[in-house]
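Reviewing the structure listed below.
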Amino acid sequence: MEIPPPDKEPLLSFLQDIIRIPSPSTKERGVVERVAEEMRRVGFAEVFIDEVGNVVGRIGSGGGKRLLYDAHTDTVGIGNPAAWSRDPYGAEIEGGVLYGRGTADNKGALAAMIYGAKSLIDTDLDLAGDLYVVGTVQEEDCEGYAVGLHCRKLKPHAVLLGEPTNLQIARGQRGRIMLIVTTHGRSCHASTPELGVNAIYAMNKVVARVEALNSNLAQHPFLGPGSIAVTRIEGEGASLNVVPDTCRAYLDRRLTWGEDEELALTQLREIIHEEGVEAQVETLVYESRSHTGYPCRQKKYFPAWLLEEEHPLVQMGAWTVKRTLGYEPQVIGWRFSTDGVATKGELGIPTIGFGPGEESHCHTTEDQVKVEDLVKAARVYAQLALEFLGI
Ligand SMILES: [Zn+2]
């Protein structure tokens with residue numbers, strides 16, 4: 001059956017409310033509380049904030065299959081306010097487009113999910129399973145961490161991510177790992193450099209090999225190639241007149257299908273060995289406290305994930321878009337990283353993406369979403385939950 005579309009006005013004014021509440025990672029409390037209030041107001045059966053601070057709403061029977069919709073409540077900062085042509089927290093609507101930080105990434109999807117669920121609530125259908133709408137935290141700083149904590153407990157049968165796809169279906173992304181290489185040397189006075197071992201010169205050899213490695217990494221027809229880039233170098237010595245005994249280089253390594261942490265580390269260890277420098281390589285660690293005070297700690301390793309095009313969830317997503325919105329969606333891979341690194345990459349839960357907004361607007365001063373696309377997304381969210389869970 002067809003679920004009636006949600007009313008546009010309350011969806012929009014709720015979204016404007018949550019855009020007007022700034023919510024950088026670990027400081028999502030205000031938005032999370034506002035989202036919980038809205039979930040209660042529209043009639044979710046259960047609403048709570050979990051230990052790490054995700055806001056969780058449930059509709060359905062309290063048994064049967066569990067479908068999880070994930071959109072993150074945190075946003076990146078605004079950078080230089082003068083670079084914005086509109087107030088980044090103003091949530092202005094102009095020409096059918098809503099503007100503001102977090103609109104596309106990812107509050108628009110969260111509002112659409114809640115109002116998609118409301119459409120289902122308003123039909124009085126008895127779902128045979130449960131739909132969980134989860135507003136996650138700290139996605140921008142450590143994607144997958146907070147949703148992973150929740151999914152390990154809930155064990156959903158499938159996950160839909162609301163990250164922007166411009167109303168197409170996403171089924172995977174490259175993974176990533178943040179690495180640090182440290183070279184060691186021996187300090188001496190810089191006026192007699194031949195008496196020491198310069199850790200920066202040692203790093204120079206490693207960096208040249210890393211640059212060459214970038215064009216020799218694995219390829220995948222759907223996700224594209226792996227990549228590696230040095231993003232920062234620091235030398236450390238007692239003063240500018242001392243040959244440094246330590247140098248650190250930070251590396252952003254993107255992992256295509258078939259590449260993992262072990263491979264990335266091994267490639268660098270081989271370079272270090274072949275260049276004969278004294279060095280080690282490690283994976284960086286993410287540490288923070290969530291807005292509830294939960295101590296977060298995890299390696300900055302985010303596996304690639306991919307769901308085959310023939311998978312029933314991809315097919316159901318595409319079919320639901322066609323039936324609800326009248327077009328055959330493209331099936332795409334995301335360029336950026338998402339909570340799918342945990343839901344599918346780490347936990348193996350079938351995961352797809354579908355969201356309003358465009359990837360190219362994320363993290364920019366043009367963060368925006370089309371008003372009509374919010375309603376379209378809400379319709380698909382309602383219909384897909386009905387198809388997946390049944391009545
Ligand atoms: Zn996002």
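Ligands are counted one by one from 1 in listed order, and the atoms in each one are counted from 1 as well. What you see is a predicted model, and the numbers here were worked out from it, not measured in a lab.
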Item to check | Any side-chain donor near an acceptor of the partner, Thr256 and Gln219, under 3.5 Å | outcome: no
Checklist entry - Would you call Leu127 and Ile59 a side-chain contact if the rule is heavy atoms closer than 4.5 Å? => result yes
Item to check | Number of protein N, O or S atoms [distance to the Zn ion (ligand 1) under 2.8 Å] | outcome: 4
Checklist entry - So which pairs with a foot in residues 54-87 pass ring-ring contact (aromatic ring centres under 6.0 Å, His included), sequence neighbours left out? => result Tyr69-Tyr381
Checklist entry - Do the side-chain N and O atoms of Glu278 and Thr183 include a donor-acceptor pair separated by under 3.5 angstrom? => result no
Item to check | Hydrophobic cluster (4.5 angstrom, side-chain heavy atoms) - remaining members for Val97 | outcome: Tyr99
Next on the checklist: Enumerate the side-chain hydrogen bond (donor to acceptor under 3.5 Å, both in side chains) contacts for residues 15-24, please, sequence neighbours excluded, ordered by first and then second residue.
Outcome noted: Asp17-Arg34, Ser23-Lys107
